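The structure appears below as structure tokens.
Because the structure is predicted, anything quoted here is derived from the model rather than measured.
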Amino acid sequence: MLDLIKRAAEQVNSNNQPMRMMEAVVVEQPPELKIMLLENKKLIIPKDLLIVSEHLTNHKRMITLRKVTDERFKDGYNPPFESRIRFIEMYNVQEDFDFVDIECEFLDELKKDDRVLVYSFPGFQKFYIGDRIKSYSNESEG
């Protein structure tokens, strides 16, 4: 992915044309992902021309949880007893653990009608979906 972005950036520099950021909406969710650019509602971009940030997909990651033993946090958040018991049973850890490695599954795949920020590079026939976007204005988001 990094090589792809570097290659696109080099192309932009050689053409003296800037990268463009555009707003789009998901018209079909994965696996047949399609988006529509809001500046050209007739243009539907198919999955073959899209690159999607991993955090916008369903994916797994290993994380390490650390038990906080620092005195400054003793009066801080303390999860309910039932939550601690479920955690201990689910991950088969000792209640007095210091660190535990857990595989987490993130279910954050793009959905129909999600608004996204899309980057395009001149001469590079791919569109990179960088993130979901929200608007807090009173205006309609359509």
Side-chain angles (χ1 to χ4, degrees), residues 1-70 72-95 97-142:
M1 175 65 79
L2 185 57
D3 289 336
L4 196 61
I5 293 171
K6 282 181 184 176
R7 194 170 76 224
E10 287 169 3
Q11 241 179 351
V12 168
N13 285 339
S14 68
N15 295 340
N16 286 332
Q17 296 176 348
M19 167 191 72
R20 291 186 59 212
M21 285 191 317
M22 297 167 281
E23 198 172 333
V25 65
V26 175
V27 293
E28 193 168 332
Q29 62 193 51
E32 296 302 318
L33 181 62
K34 293 179 185 172
I35 64 169
M36 175 181 66
L37 298 178
L38 293 184
E39 65 183 38
N40 182 352
K41 295 185 188 240
K42 293 180 182 177
L43 181 60
I44 304 294
I45 301 172
K47 67 179 181 181
D48 299 347
L49 299 178
L50 297 172
I51 300 168
V52 181
S53 288
E54 181 184 50
H55 73 276
L56 298 173
T57 66
N58 293 345
H59 61 282
K60 293 181 181 180
R61 290 218 175 152
M62 290 298 294
I63 65 168
T64 300
L65 296 181
R66 179 177 60 89
K67 184 176 182 181
V68 177
T69 55
D70 191 316
R72 293 174 296 173
F73 299 105
K74 287 292 185 195
D75 296 328
Y77 174 71
N78 192 11
F81 180 74
E82 298 80 24
S83 296
R84 289 195 305 266
I85 294 301
R86 278 198 306 272
F87 172 80
I88 290 165
E89 290 171 351
M90 186 183 313
Y91 294 105
N92 195 24
V93 297
Q94 301 297 319
E95 189 165 356
F97 75 95
D98 287 328
F99 294 92
V100 62
D101 291 329
I102 297 173
E103 182 180 73
C104 286
E105 184 172 4
F106 295 87
L107 305 174
D108 208 17
E109 194 167 64
L110 290 169
K111 306 266 186 291
K112 185 176 183 336
D113 297 326
D114 278 352
R115 294 171 72 98
V116 292
L117 185 60
V118 178
Y119 300 87
S120 73
F121 303 94
F124 188 65
Q125 298 303 308
K126 294 272 185 180
F127 294 83
Y128 170 67
I129 300 175
D131 216 340
R132 276 188 191 89
I133 55 176
K134 300 279 184 195
S135 175
Y136 291 102
S137 70
N138 291 334
E139 299 173 19
S140 148
E141 286 195 57

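The structure places CG of Asp48 at 7.0 Å from NZ of Lys126, a figure rounded to the nearest 0.5 Å. Annotation: the span from Asp108 atom CG to Asn58 atom CG amounts to 8.0 Å, rounded to 0.5 Å. Expressed to the nearest 0.5 Å, how far CE of Met22 lies from CG of Leu43 amounts to 9.0 Å. We find the CZ-CG distance between Arg132 and Leu117 to be 13.0 Å, quoted to the nearest 0.5 Å. In this structure, the separation between CG on Leu49 and CZ on Phe127 is 7.0 Å, given to the nearest 0.5 Å. We find the CD1-CG distance between Ile45 and Leu50 to be 6.0 Å, quoted to the nearest 0.5 Å.
Counting only distance, with no hydrogens or angles, the side chain of Gln29 and the backbone of Lys112 share a donor-acceptor pair below 3.5 Å. Remark: the backbone N or O of Val27 is not paired with any side-chain donor or acceptor of Asp113 at under 3.5 angstrom. Although no hydrogens or angles enter the test, the distance criterion places a donor-acceptor pair under 3.5 Å between the side chain of Asp114 and the main chain of Lys111.
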Item to complete: Please assess Glu39 against Glu23 for the test side chain to side chain contact (heavy atoms under 4.5 Å, CB included), listing each intermediate value before the final yes or no.
Response: CA-CA 8 Å; Glu39 65 183 38; Glu23 198 172 333; over 6 Å; no
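Each of Leu33, Ile51, Val26 was checked for a side-chain contact (heavy atoms from CB on, under 4.5 Å) with Ile129, and the lone residue meeting it is Leu33.
Within the structure, the ring-ring contact (aromatic ring centres under 6.0 Å, His included) test picks out the following pairs touching residues 41-60 (sequence neighbours left out): His59-Phe106.
In terms of heavy-atom proximity, Lys34 sits nearest to Pro46 at CG-CA, 4.1 Å. Shortest non-hydrogen contact noted between Ser53 and Tyr128 is OG-OH, 2.5 Å. Minimum interatomic distance between Pro30 and Leu110 (heavy atoms only, all atoms of both residues): CD-O, 3.3 Å.
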